[in-house]
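So the structure is just underneath, and the comments pick up after that.
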Amino acid sequence: MSDKIIISLKDGSQREYPIATTGYQIAEDISRRLAKDAIAVKLDDKVVDLHLPLSKGGQMEILTFDSEEGQEIFRHSSSHILAQAVQNLFPGTKLGIGPAIQSGFYYDFDLEHKFTPEDLEKIEKEMERIVKEDISYERKEMDRQEAIEFFKCRGEEYKVELIQDLPEDTVISLYNQGEFIDLCAGPHVPSTGSIKAVKLTSIAGAYWRGSENNKMLQRIYGISFPKKQALEDYLFKLEEAKKRDHRKLGAQLELYSIMDEGPGFPFFFPKGMILRNQLENFWREEHNKAGYQEIKTPIILNQSLWETSGHWEHYRNNMYVTEIDDQDFAVKPMNCPGGMLVYGSKMHSYRDLPVRMGELGLVHRHELSGALHGLMRVRCFTQDDAHIFMLPSQIKDEIVGVIELVDKFYKLFGFSYHVELSTKPEKAMGSDEIWDKATEALREALEQKGMDYIVNEGDGAFYGPKIDFHLRDCLDRTWQCGTIQLDFLMPDKFNLSYIGEDGQKHRPVMIHRVVFGSIERFIGILTEHYAGAFPAWLAPVQVKVLPITDRHVEYAEKVLQKLKAANVRAEIDKRNEKIGYKIREGQMQKIPYLLVVGDKEAEADMVAVRKRGEGDLGSKGLDSFIEAISIEISEKK
RNA sequence: GCCGACAUAGCUCAAUUGGCAGAGCAGCUGACUUGUAAUCAGCAGGUUGCGGGUUCGAGUCCCAUUGUCGGCUCCA
């Protein structure tokens, strides 16, 4: 074996180093400047710690904070500093885990003292002190027993548990900066000095290992950057993002609100209803085109139905129940059983399949109080549900059809989304064979559409596996919206059938699917996506007419009537205010078009058009304005 | 449900160690008749989330409760 390693660089050049040279030394040799920013190196696309002596050469790339992997390592190193600071200030604190997350890092702690916001400031100061000391991160390896003993002696029971659960062949590594030492797979930045800006953002409770049966630890969240300015930019962006919060905008724009009188039960105001009705109209048009029929099923149905569907057994804790004439009833948490009854109410021929039955159905679910979140997580919501009953041979095509429909909807709004495939949960009905078959069908449809997806093992519904479509809110939290769930069980339970070519009864296969998911949630996401500036076809008020003085009101009314006659949602601001004041208000209400009318316009049947985001466009003929906005609305631009 | 923080006028926020609840915006009234992001003046607006307690005195301190926010768990 050679005692040299050969490193080739991106530009094609090659260099030779003695074996066991560390990544850091090589990075430093390649470029002094780069070495300062270097966080780790990638050797043949595998991330390697800068501290590790290399045993083989290969294609090398130096990772900095600019890369996603670099950021993750950087944040993870920050979490170690957080842990060190906390242990310095609160001796005896036991450590949980401290990973990097998408927007920073956290560390879980177990201690008697309850962290306060003032503590965060102190901890931040201590972190800054550690950063200033510029202590090197060092790596050492231990065998399993040695490591267990080591952490036992230090009273780190959670670390001991983690080690015991590591697979047998894992190399157990520890990292330390100065006195502080932690179980860690690495890699890390060269030294604490790299972390130039740190901000602890919040304290929260979190169950050890994510299980509510375990002790609740205290979690501190933070964010860090290699430059002070980057932190300031981040905080500024965060403030800007918060202005898009649908809860804030919903109230400001008088769209919807959740009141203390009905926690989790949203109110829709007149303007919010316009938005909602536009979405529903669009939904009906598209589903009609795609061969769906619409039904409506009752909100309250008797207990035996829920026993048949399995909801009573699996979902009862989340259902609202009531008693009518000494009989138990439940408010529907899902629309499916109603849909099953409608399908079962008549005979179906194989020639009629697939039957696609849609329902904008209002469902109620008793969600935990702590889970509620604006319109995103509520206790009553409208699902744009549909159940498709089909022949086994039609499964893939139908799933593909739904995927295409979802994509068409989300593209219209300009959403980017990600897809997840969820498989059989522990608490599930039906055999493994059925589940495998159903899961395979979903997988095939995704592959056929060439879609990337994440697999969530054990995350399916109790009656079948599912494909979920996830959208992001203003703070990058993702919310499940669309979903496609394959269900081999419900048709069985409801004894549904169709008459096949052979004249015999057969069991249809069914999918549940939603596109918006919850109309309420979708409106929440839409509000944040557009920051309240809805495109004209959705905007509650599309045009506001602003007469300059009292004597222009008459003409303004005429303009208003003409707009209304052309089905444009228009309002007039007749108040005795200056034009600048009316414009300011119209802009803040995010109305797509403001029409200023004064003497010039009244004389020639004109309107001065001010477009949201573009400002004053000058005067235009009223008729040509109406024509243009009508096209914009009908084309949903 | 769990952990923590918060709750003052319609909205955004003040109120010193416990000592007379206040401002801007919005609303109403009046004047001004206005040309592209706030005209001026006046008026009105409150059981400080709700319920207890400590105190001569509570928006402020303590207890309980409801709701909200940030997480955890759960979930569309």
Side-chain angles (χ1 to χ4, degrees), chain A residues 101 106 108 114-117 119-120 201-221 242 245 247-248 251-252 254 258-264 315 317-318 333-334 363 365-385 422 459 461 466 468-471 475 477 479-483 485 512-522 524-525 546-553 575-589 594-601 608-611 615-619:
Chain A
I101 51 175
Y106 68 78
D108 286 344
K114 303 281 180 210
F115 289 128
T116 64
D119 290 335
L120 286 195
T201 50
S202 65
I203 314 163
Y207 299 109
W208 167 238
R209 304 195 115 181
S211 166
E212 59 182 330
N213 303 318
N214 290 341
K215 183 167 183 182
M216 185 165 263
L217 309 179
Q218 297 185 69
R219 175 171 298 176
I220 296 181
Y221 286 91
K242 281 183 183 162
D245 191 312
R247 293 166 297 196
K248 214 178 177 109
Q252 250 169 43
E254 297 173 15
I258 295 187
M259 315 211 193
D260 290 358
E261 290 79 356
Y315 209 75
N317 289 341
N318 285 323
M334 294 177 193
V363 299
R365 300 179 182 180
H366 186 73
E367 301 295 349
L368 294 175
S369 58
L372 302 180
H373 183 103
L375 287 190
M376 306 297 201
R377 190 78 184 278
V378 290
R379 284 179 172 155
C380 82
F381 59 99
T382 305
Q383 284 183 311
D384 62 318
D385 220 337
S422 299
D459 224 21
K466 57 179 186 173
D468 295 328
F469 298 81
H470 294 251
L471 297 174
L475 292 178
R477 294 174 288 211
W479 298 92
Q480 178 181 320
C481 289
T483 161
Q485 309 183 349
H512 312 250
R513 42 110 288 174
V514 289
V515 180
F516 291 139
S518 139
I519 298 201
E520 288 75 5
R521 175 178 289 181
F522 200 81
I525 301 257
L546 313 179
I548 289 177
T549 73
D550 286 353
R551 69 173 186 280
H552 306 113
V553 168
R575 289 175 309 171
N576 187 5
E577 296 289 353
K578 284 191 164 178
I579 196 66
Y581 181 86
K582 296 184 187 184
I583 285 170
R584 178 180 150 83
E585 215 158 83
Q587 292 289 104
M588 289 199 307
Q589 287 166 4
L594 300 176
L595 301 183
V596 175
V597 296
D599 290 333
K600 272 188 284 178
E601 288 75 22
V609 179
R610 187 186 171 101
K611 188 173 182 180
D616 190 357
L617 301 183
S619 288

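Computed from a prediction, not measured in an experiment: that's the story for all the values here. In the text below, chain A, chain B and the rest are named by the order of the sequence lines, each starting its count at 1. The figures that follow rest on heavy atoms only: side chains count, while hydrogens, waters and symmetry mates do not.
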Pick the [atom1] atom in [N] and in [M], then give their distance to the nearest Å.
| N | M | atom1 | answer |
| --- | --- | --- | --- |
| B:rG59 | B:rC25 | C1' | 23 Å |
| B:rC28 | B:rG67 | P | 34 Å |
| B:rA31 | B:rC69 | P | 45 Å |
| B:rU65 | B:rA7 | C1' | 13 Å |
| B:rG46 | B:rG22 | C1' | 11 Å |
| B:rG1 | B:rA15 | P | 33 Å |
| B:rG19 | B:rU55 | C1' | 12 Å |

Report which part of the nucleic acid [X] touches: base, sugar-phosphate, or nothing (heavy-atom distance under 4.0 Å, all strands).
| X | result |
| --- | --- |
| A:Q252 | nothing |
| A:Q589 | nothing |
| A:S518 | base |
| A:G586 | nothing |
| A:N318 | nothing |
| A:Y221 | sugar-phosphate |
| A:R247 | sugar-phosphate |
| A:Q587 | base |
| A:K466 | sugar-phosphate |
| A:A251 | nothing |
| A:R521 | base |
| A:G370 | base |
| A:V363 | nothing |
| A:I579 | sugar-phosphate |

Scan for salt bridge (Lys or Arg N to Asp or Glu O under 4.0 Å) pairs involving residues 373-384 of chain A, sequence neighbours excluded, and state none if there are none.
A:E367-A:R377

Please determine whether a side-chain nitrogen or oxygen atom of A:R477 lies at a distance below 4.0 Å from atom OP1 or OP2 of B:rG70.
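It does, given that an N or O in the side chain of A:R477 lies less than 4.0 Å from OP1 or OP2 of B:rG70.
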
Side-chain N or O of A:H373 versus OP1/OP2 of B:rG70: is the shortest distance under 4.0 Å?
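For A:H373, the contact criterion (side-chain N or O under 4.0 Å from OP1 or OP2 of B:rG70) is met.
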
Whole angstrom is fine here: how far is it from [atom1] in [X] over to [atom2] in [N]?
| X | N | atom1 | atom2 | value |
| --- | --- | --- | --- | --- |
| A:K578 | B:rU39 | NZ | P | 6 Å |
| A:L375 | B:rU68 | CG | P | 13 Å |
| A:I220 | B:rG71 | CD1 | C1' | 13 Å |

For A:K215, what residues pass the salt bridge (Lys or Arg N to Asp or Glu O under 4.0 Å) criterion, not counting sequence neighbours?
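For A:K215, the residues satisfying salt bridge (Lys or Arg N to Asp or Glu O under 4.0 Å) (neighbours in sequence not counted) are A:D110.
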
Which is it for A:E601 and A:S619 under the side-chain hydrogen bond (donor to acceptor under 3.5 Å, both in side chains) test, yes or no, and what are the steps along the way?
CA-CA 7 Å; A:E601 288 75 22; A:S619 288; 3.0 Å; yes

With sequence neighbours excluded, what pairs up with A:K600 under the side-chain contact (heavy atoms from CB on, under 4.5 Å) test?
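If we apply the side-chain contact (heavy atoms from CB on, under 4.5 Å) test to A:K600, skipping adjacent residues, there are no hits.
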
Quick one: list whatever passes side-chain contact (heavy atoms from CB on, under 4.5 Å) with A:E212, sequence neighbours left out.
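Residues passing side-chain contact (heavy atoms from CB on, under 4.5 Å) with A:E212: A:Y207.
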
Identify, between A:S202 and A:M376, the residue whose nearest nucleotide on RNA chain B lies closer to the 5' end.
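By nearest-heavy-atom nucleotide position, the 5'-most residue is A:S202.
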
Toward the 5' end of RNA chain B, which comes first, A:E577 or A:R209, by nearest nucleotide?
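In this pair, the answer is A:E577.
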
With 3.5 Å as the limit, what N/O pairs link the protein to nucleotides 42-44 of chain B?
none

Would you list the protein and nucleotides 23-29 of chain B atom pairs, both N or O, that sit under 3.5 Å from each other?
residue, atom, partner, partner atom, Å
B:rA26, OP1, A:Y581, OH, 2.9

Applying ring pair (Phe, Tyr, Trp, His ring centres under 6.0 Å), name anything that partners [X], two or more places apart in sequence or on another chain.
| X | value |
| --- | --- |
| A:H373 | A:W479 |
| A:F381 | none |
| A:Y315 | none |

With a 3.5 Å cut-off and heavy atoms only, can you find an N or O donor on one side and an acceptor on the other between the side chain of A:E254 and the base of B:rG10?
no

Is there, by distance only and without an angle test, a donor paired with an acceptor across the side chain of A:Y207 and the base of B:rG71 below 3.5 Å?
no

Contiguous pairing runs of three or more, Watson-Crick or G-U under 3.5 Å, that involve RNA chain B:
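Stem segments, range with range: B:1-7 with B:66-72, B:10-13 with B:22-25, B:27-31 with B:39-43, B:51-53 with B:61-63.
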
Give me the atom names and distance for the closest heavy-atom approach of A:I101 to A:Y106.
CG2-CE2, 3.7 Å

What protein N or O atoms touch nucleotides 3-6 of chain B N or O atoms at under 3.5 angstrom, if any, and at what distances?
residue, atom, partner, partner atom, Å
B:rC3, O2, A:G205, N, 3.1

For A:D599, is there an ion pair with A:R551 - N to carboxylate O distance below 4.0 angstrom?
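Yes, this pair counts.
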
With the threshold set at 4.0 Å, does a side-chain nitrogen-carboxylate oxygen contact exist between A:R610 and A:D616?
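Salt bridge absent between A:R610 and A:D616.
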
Atom pairs, protein N/O to nucleotides 64-67 of chain B N/O, distance under 3.5 Å:
residue, atom, partner, partner atom, Å
B:rG67, O2', A:D260, OD1, 2.6

